[in-house]
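This chain uses plain numbering: 1 for the first residue, then up along the sequence. Hydrogens, waters and symmetry mates play no part in the numbers below; they use all other heavy atoms, side chains included.
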Amino acid sequence: LIERTVSAGESARAEAVARFVRLRGGTVDDEALRMVGAAIDFPAMGTCAQLGAARAPEPETGAARTVELVNLGAITVEANGARLYLQPRRLPDIVDLVSGVVYSTRAPAPEALPAETSYVLRASGRPDLDLAPFAAVATAPSEPSDLVVAGQDAKTPGGLVIAPEAPTELSWGAGGPEDVIYVDVTQSAATGPRNVRCLFDDAGRATIGAASFTEGDGTMTVHRLHRESFQARGIDTGEIRFDFARVVTFRR
């Protein structure tokens, strides 16, 4: 995962995370990825839902499954001639269900993990596990650009004003046909924070219904999600995921 977020104040942060997941006694599926924090829960395309409701129902199984995060040696990410080393962090066993190593690094500057650039993910491999060294290549998309919310430039100083009890129109520079845009709306409510997620094709235009908002102030985080698969010896399925986002503040 290559993740980059630009805040409402135009500061940015970027990080890279790598997980190599093995399920003991089964095939790695969405639930196994969810157990290690590598899945994203979405509502149906073109709709919005509170985050708890956006999650797909868990399948009923007769026994708990055990997930291992495999140590695959040294892991690096290269972009624009710069190389970042992802540091391994061993996880404690979580009730004997999840154990192993997660790799991650925070970029020293957001430009170290840029948009619209070719990336190379390298792993030194583990001969003892028959996992050979590999290099996987993927191309990052652009960040969500020319973002307009309710007729206002998303970069407007001081945040945006969104009309109550009315749908909110979004527009942006359309991305690739395989990409999606998802929007997280976070607001305070009497019962606590309220988080709604919406999912759209990356076609450049979408509408968020009034029911996704409360009357309070909040933030809207617009993500562009781009995925590219890769193959390597010993890895059944590999994916490099880019998640580039912009945060917009608003009041109603």
Side-chain angles (χ1 to χ4, degrees), residues 1-15 40-55 109-111 113-117 139-227 241-252:
L1 169 65
I2 307 297
E3 190 173 39
R4 178 184 167 105
T5 302
V6 180
S7 72
E10 292 301 305
S11 62
R13 63 173 179 81
E15 62 181 340
I40 308 176
D41 295 314
F42 288 130
M45 181 64 70
T47 70
C48 301
Q50 292 198 53
L51 278 183
R55 175 173 172 168
E111 294 73 20
L113 294 173
E116 300 182 278
T117 301
T139 302
S142 61
E143 295 180 344
S145 61
D146 302 323
L147 180 61
V148 175
V149 180
Q152 304 159 79
D153 188 327
K155 299 179 182 180
T156 300
L160 310 182
V161 178
I162 297 178
E165 301 180 0
T168 298
E169 302 290 335
L170 277 69
S171 66
W172 63 90
E178 303 276 324
D179 298 345
V180 298
I181 291 287
Y182 70 97
V183 182
D184 288 336
V185 179
T186 302
Q187 291 179 275
S188 297
T191 56
R194 185 172 184 268
N195 300 290
V196 171
R197 176 165 290 166
C198 308
L199 180 65
F200 306 107
D201 289 322
D202 197 349
R205 187 171 297 276
T207 301
I208 300 178
S212 296
F213 299 90
T214 66
E215 291 300 317
D217 299 347
T219 61
M220 183 183 300
T221 306
V222 180
H223 301 253
R224 169 168 284 143
L225 183 64
H226 173 77
R227 307 172 191 252
R241 180 192 306 165
F242 297 92
D243 191 327
F244 293 164
R246 174 171 288 276
V247 180
V248 179
T249 60
F250 65 86
R251 62 185 184 277
R252 289 175 69 81

Leu199 and Pro43: which non-hydrogen atoms are nearest, and at how many Å? CD2-O, 3.5 Å
Do the side chain of Arg252 and the main chain of Gly216 share a donor and acceptor less than 3.5 angstrom apart? no
Would Asp217 and Thr249 satisfy side-chain contact (heavy atoms from CB on, under 4.5 Å), going step by step from the backbone distance to the final call? CA-CA 8 Å; Asp217 299 347; Thr249 60; over 6 Å; no
Interatomic spacing from CD1 in Ile2 to NE2 in His226 - rounded to 0.5 Å: 11.5 Å
Closest approach of Ala245 to Pro144 (non-hydrogen atoms, all atoms of both residues): N-CD, 4.5 Å
Enter the distance from Arg197:CZ to Ser212:OG here, rounded to the nearest 0.5 Å. 13.0 Å
Under 6.0 Å from the CD atom of Glu169, do we count more than 12 heavy atoms belonging to anything else shown? yes
Hey, which of Ile208, Ile181, Val148, Thr207 is the one that makes side-chain contact (heavy atoms from CB on, under 4.5 Å) with Leu170? Ile208
Determine the sole option in Val183, Thr47, Val180 for which the side-chain contact (heavy atoms from CB on, under 4.5 Å) test with Phe200 is passed. Val183
Side chain proximity check, Asp243 to Leu1, heavy atoms < 4.5 angstrom: yes
Gap between atom CZ of Arg194 and atom OG1 of Thr214 - 0.5 Å precision: 6.5 Å
Result for ring pair (Phe, Tyr, Trp, His ring centres under 6.0 Å) between His223 and one of Trp172, Phe244, Tyr182 points to Tyr182
Please examine the side chains of Leu147 and Lys155, heavy atoms only from C-beta on, and report whether any two atoms are closer than 4.5 Å. no
Just so I know, are the side chains of Glu178 and Arg227 near enough to count as touching, which here means a heavy-atom distance under 4.5 Å? no
Would you name the heavy atoms of Ala14 and Pro110 that are closest together and state the gap between them? CB-CA, 4.1 Å
Shortest non-hydrogen contact between Ala115 and Ser142, atoms and distance: CB-CA, 4.0 Å
Is it true that a side-chain atom of Gln152 and a backbone atom of Val161 form a donor plus acceptor pair closer than 3.5 Å? yes
Within this structure, what is the CG-CE distance for the pair Asp201 and Met45, rounded to the nearest 0.5 Å? 4.5 Å
Counting distance only, does the side-chain N/O of Thr156 pair as donor-acceptor with the main-chain N or O of Leu160 below 3.5 Å? no
For side-chain contact (heavy atoms from CB on, under 4.5 Å), just list the numbers for Glu143 and Val6, CA-CA rounded to whole Å, side-chain angles, deciding distance to a tenth of an Å, and then say yes or no. CA-CA 9 Å; Glu143 295 180 344; Val6 180; 4.0 Å; yes
Are any of the side-chain heavy atoms of Val247 and Thr5 separated by less than 4.5 Å? yes
Kindly state each residue pair satisfying ring pair (Phe, Tyr, Trp, His ring centres under 6.0 Å) with at least one member in residues 201-221, sequence neighbours excluded. Phe213-Phe250
For Leu225 and Ile40, run side-chain contact (heavy atoms from CB on, under 4.5 Å): C-alpha distance rounded to whole Å, both residues' side-chain angles, the deciding distance at 0.1 Å, then the answer. CA-CA 11 Å; Leu225 183 64; Ile40 308 176; 4.1 Å; yes
Is Arg224 paired with Asp202 through a side-chain N to carboxylate O contact shorter than 4.0 Å? yes
Are any of the side-chain heavy atoms of Thr186 and Met220 separated by less than 4.5 Å? no
Kindly indicate whether the side chain of Asp179, heavy atoms from C-beta on, has any atom under 4.5 Å from the side chain of Pro141. yes
Just by modelled atom types, is the Arg246 backbone N or O under 3.5 Å from a matching donor or acceptor in the Arg4 side chain? no
Taking all atoms of both residues into account, what is the closest heavy-atom pair of Gly173 and Asp146, and its distance? N-CB, 4.3 Å
